[in-house]
Amino acid sequence: MTRSCLAIILAAGESTRMKSSMSKVLHPVAGRPMIAHVVSSLADAGISSVALVVGRDAEKVAEAAGGSAEISTFVQTERLGTGHAVLAAREAIAGGYDDILVVFGDTPLITAAPLLAARQALAEGQDVVVIGFQTPEPTGYGRLIVENGELLAIREEKDATPEERRITYCNGGLMAINGARALEFLGHIGNANAKGEYYLTDIVEVVRAKGGKAVAVEAPAAELMGCNNRAELALIEAEWQKRRRHELMVSGVSMIAPETVFLAFDTQIAQDVTIEPNVVFGPGVSIESGAVIHAFSHIEGARIATDATVGPFARLRPGANLGEGSKVGNFCEVKKAEIGAGAKVNHLTYIGDAFVGENTNIGAGTITCNYDGVNKHVTHIGANAFIGSNSSLVAPVSIGDGALVASGSVITEEVPADAVAFGRARQDVKPGRAKLLRERYQAEKAARKTDR
Ligand code: UD1
Ligand code: CA
């Protein structure tokens with residue numbers, strides 16, 4: 001689109017209904033603040049000039065929005081309504097744009113398509129274009145009053161007549177305004193309504209009174225879900241998850257029970273990966289083709305290479321880097337560690353701050369003791385090594401290629417390549433001793449009974 005555009009994100013509300021010490025736009029959806037989702041949809045729509053209107057938590061909100069040089073921040077000092085909030089960005093609006101797009105920080109599921117459709121309608125001569133949606137449960141939303149394809153007014157719930165309340169076509173809150181006349185229109189919004197606020201929605205009647213044209217464009221209701229309280233936050237999260245799972249499945253990812261898989265905003269999963277039920281992803285995960293994530297695994301900040309398998313019941317923490325065909329099995333935790341191609345860490349193990357070479361086998365119950373209470377230390381294990389079960393590797397320590405650590409060892413010193421290390425007491429066997437002890441204990445017990 002050749003027309004210039006300024007997007008104004010309203011994020012200065014009190015968030016009263018969230019009952020939170022933090023602005024609602026900072027609450028996360030898929031692991032990142034709601035406001036960041038809005039900014040990224042604007043970017044998808046090719047809009048790079050952004051004015052952010054903030055109130056409480058101003059600095060944090062600006063930071064969460066991206067802190068990019070292209071985003072200018074305006075503070076709305078008093079909370080006098082959405083119409084008043086837009087005018088906090090008066091200076092930016094005066095910059096002279098063809099289109100002014102107003103979006104809300106609390107409507108994070110919006111995608112580029114409705115924003116582009118609204119701008120298209122401006123390009124075709126409308127003065128204000130409201131993004132609307134149909135819902136069987138319109139309670140709480142402003143109603144769109146449409147006649148012969150023209151938008152006559154938006155009526156807020158509190159000001160609507162019983163008849164108007166039955167309208168199911170609602171205001172999504174987002175709108176595009178003719179940039180050349182935006183300040184003129186906005187300046188005429190008053191506050192004579194039930195809440196005594198300057199309603200942005202009144203712009204429709206202002207535009208029409210000034211001979212301008214107003215229209216609504218319909219978008220899917222799911223994209224316009226607004227977040228006013230925590231119950232709505234959970235609904236938005238669920239909708240986001242549903243959408244992203246679907247995208248991944250149609251791009252070639254298998255999910256056996258998709259409704260039990262929780263993704264983060266940046267989870268990258270390649271084709272032919274299988275995700276079993278009840279898997280949770282935190283931020284920063286990428287999974288390459290052919291990998292299998294078994295049930296009940298929790299994964300964040302990890303890279304999982306081709307054909308690797310994880311879980312069931314595995315935990316991968318930030319910096320876990322699993323090589324091709326490697327295995328991290330049940331009740332294992334891996335943090336800031338590289339697991340070489342074909343290496344196996346199959347049972348009840350903690351590998352942290354470590355390097356495990358190719359095809360090395362880490363026995364059940366092995367622990368890298370990486371923390372001395374003050375500092376973290378590194379464990380280095382070479383390729384083709386074998387660590388016997390229940391070993392403690394006290395870092396900093398290194399174990400060479402092809403080395404073998406006897407099970408139950410506490411390893412505190414370097415094990416050279418191809419060496420065997422025993423780090424445990426030698427076994428001592430006393431033939432017949434168990435029988436003797438048993439007979440003695442039984443005799444003592446019998447003597448105590450006859451004493452009584
Ligand atoms: C608003 C619309 C309603 C629409 C609904 C869609 C108005 C008057 N009403 O109602 O028609 O159906 O959204 O979700 O516009 N904000 C400020 N400063 C303020 C007040 C609000 O920045 O003084 C911001 C909020 O942070 C929020 C957005 O504007 O991001 C919307 O405000 P909110 O109070 O949530 O409006 P709704 O009651 O949901
Ligand atoms: Ca809202």
Side-chain angles (χ1 to χ4, degrees), residues 7-18 20 22-27 29 33-35 37-39 51-58 60-62 64-65 73-89 102-110 114 128 130-135 137-145 151 153-160 164-165 167-175 177 186 189-206 216 218-219 221-233 235-236:
I8 303 174
I9 306 177
L10 302 190
E14 290 289 1
S15 312
T16 319
R17 290 165 281 182
M18 279 300 270
S20 175
M22 158 173 112
S23 162
K24 70 177 159 186
V25 301
L26 292 174
H27 283 262
V29 170
M34 226 182 279
I35 185 98
H37 288 266
V38 176
V39 173
L52 179 64
V53 179
V54 293
R56 63 188 290 201
D57 292 335
K60 283 186 195 152
V61 171
T73 305
F74 298 87
V75 178
Q76 184 194 18
T77 42
E78 290 172 293
R79 235 60 66 222
L80 301 180
T82 47
H84 180 260
V86 173
L87 279 174
V102 180
V103 299
F104 288 174
D106 74 347
T107 308
L109 298 177
I110 190 72
V128 64
V130 172
I131 303 180
F133 64 101
Q134 287 285 355
T135 171
E137 288 168 36
T139 310
Y141 290 104
R143 309 299 204 281
L144 300 183
I145 300 172
L151 181 61
I154 305 176
R155 196 75 73 233
E156 288 307 296
E157 169 104 7
K158 284 197 169 132
D159 302 294
E164 286 168 338
R165 284 186 191 181
I167 297 172
T168 54
Y169 195 16
C170 293
N171 174 23
L174 320 189
M175 64 175 71
I177 308 168
L186 290 163
I189 292 175
N191 64 351
N193 53 54
K195 282 173 91 180
E197 284 187 1
Y198 294 87
Y199 288 166
L200 174 60
T201 46
D202 284 354
I203 197 171
V204 173
E205 284 161 290
V206 170
E218 192 181 335
E223 294 198 23
L224 292 165
M225 293 169 76
C227 178
N228 294 320
N229 59 43
R230 312 256 183 163
E232 288 172 349
L233 177 62
L235 291 174
I236 285 171

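All ligand and atom numbering here is 1-based and tracks the order in the structure. Please read these numbers as outputs of a predicted model, since none were measured by experiment.
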For Y199, take its heavy atoms, then give the atoms of ligand 1 lying under 4.0 Å from any of them. 8 (C)
Tell me, do I236 and P108 make a side-chain contact under 4.5 Å, heavy atoms counted? yes
Under 4.0 Å from a heavy atom of E156: give me the atoms of ligand 1 that qualify, with their elements. 2 (C), 3 (C), 7 (C), 8 (C), 9 (N), 11 (O)
Measure the spacing between CD1 of I154 and CG of L200 and express it to the nearest 0.5 Å. 7.0 Å
So, is Y141 polar-close to ligand 1, with some N/O to N/O distance under 3.5 Å? no
Atom 30 (O) of ligand 1: which protein heavy atom is closest, and how many Å away? L10 O, 2.9 Å
By side-chain hydrogen bond (donor to acceptor under 3.5 Å, both in side chains), which residues pair with N171, not counting sequence neighbours? none
May I ask you to list the atoms of ligand 1 that are less than 4.0 angstrom from any heavy atom of N228? 35 (O), 39 (O)
Return the CG to CZ distance between L235 and R230, rounded to the nearest 0.5 Å. 14.5 Å
Closest non-hydrogen contact found for I177 with V102 is CD1-CG2, 4.0 Å
Looking only at protein heavy atoms, which one is nearest to atom 4 (C) of ligand 1, and how far off is it? N171 O, 3.2 Å
What closest approach, in Å, do C227 and E232 show between heavy atoms, and which atom pair accounts for it? C-OE1, 3.6 Å
For atom 34 (O) of ligand 1, closest protein heavy-atom neighbour: R17 NH2, 3.5 Å
Check ligand 1 against G81 and write out every atom of the ligand that is under 4.0 Å from a heavy-atom position of the residue. 19 (C), 20 (C), 23 (O)
Which atom of Y199 lies closest to which atom of I189, heavy atoms considered: O-CG2, 3.2 Å
If I apply the N/O under 3.5 Å rule, does A12 come out as touching ligand 1? yes
Check whether any side-chain N or O of D106 sits under 3.5 Å from a backbone N or O of V25 as a donor-acceptor pair, and report yes or no. no
Return a yes/no value for R79: is any of its N or O atoms, backbone included, closer than 3.5 angstrom to an N or O of ligand 1? no
With sequence neighbours excluded, what pairs up with F133 under the ring-ring contact (aromatic ring centres under 6.0 Å, His included) test? Y141
Give yes or no for whether the N/O distance cutoff of 3.5 Å, strictly under, is met between K195 and ligand 1. no
Atoms in ligand 1 flagged as close to K24, the criterion being non-hydrogen separation under 4.0 Å: 35 (O)
Is a side-chain donor or acceptor of D159 paired with a backbone partner of A194 at a separation under 3.5 angstrom? yes
Nearest neighbour in protein (non-hydrogen) for atom 1 (C) of ligand 1: F104 CE1, 3.7 Å
Stepwise, does the salt bridge (Lys or Arg N to Asp or Glu O under 4.0 Å) test hold for R143 with E157? CA-CA 7 Å; R143 309 299 204 281; E157 169 104 7; 2.8 Å; yes
Kindly indicate whether the side chain of N193, heavy atoms from C-beta on, has any atom under 4.5 Å from the side chain of K158. no
So is there a nitrogen or oxygen of G142 less than 3.5 Å from a nitrogen or oxygen in ligand 1? yes
Give the numbers and elements of all ligand 1 atoms closer than 4.0 Å to a heavy atom of L80. 23 (O)
With heavy atoms of G172 as the reference, note each atom of ligand 1 found under 4.0 Å away. 6 (C), 14 (O)
Does the side chain of H84 come under 3.5 Å of the side chain of Q76 through a donor N or O and an acceptor N or O? yes
Say whether Q76, considering both its backbone and side-chain N or O atoms, lies within less than 3.5 Å of an N or O atom on ligand 1. yes
of all protein heavy atoms, closest to atom 21 (C) of ligand 1 is T82 CG2, 3.8 Å
Which residue supplies the protein heavy atom nearest to atom 26 (O) of ligand 1, what is that atom called, and how far is it? G13 N, 2.8 Å
Spatial distance of atom CD1 (I110) from atom CG (L174) [nearest 0.5 Å]: 5.0 Å
Could you list the residues that satisfy side-chain hydrogen bond (donor to acceptor under 3.5 Å, both in side chains) with Q134, not counting sequence neighbours? T168
Using salt bridge (Lys or Arg N to Asp or Glu O under 4.0 Å), reason through E14 and K24 one step at a time and then give a plain yes or no. CA-CA 8 Å; E14 290 289 1; K24 70 177 159 186; over 6 Å; no
The protein N, O or S atoms lying under 3.0 Å from the Ca ion (ligand 2) are D106 OD2, N228 OD1
Enumerate the atoms of ligand 1 whose separation from the nearest heavy atom of A85 is less than 4.0 angstrom. 17 (C), 18 (N), 22 (O)
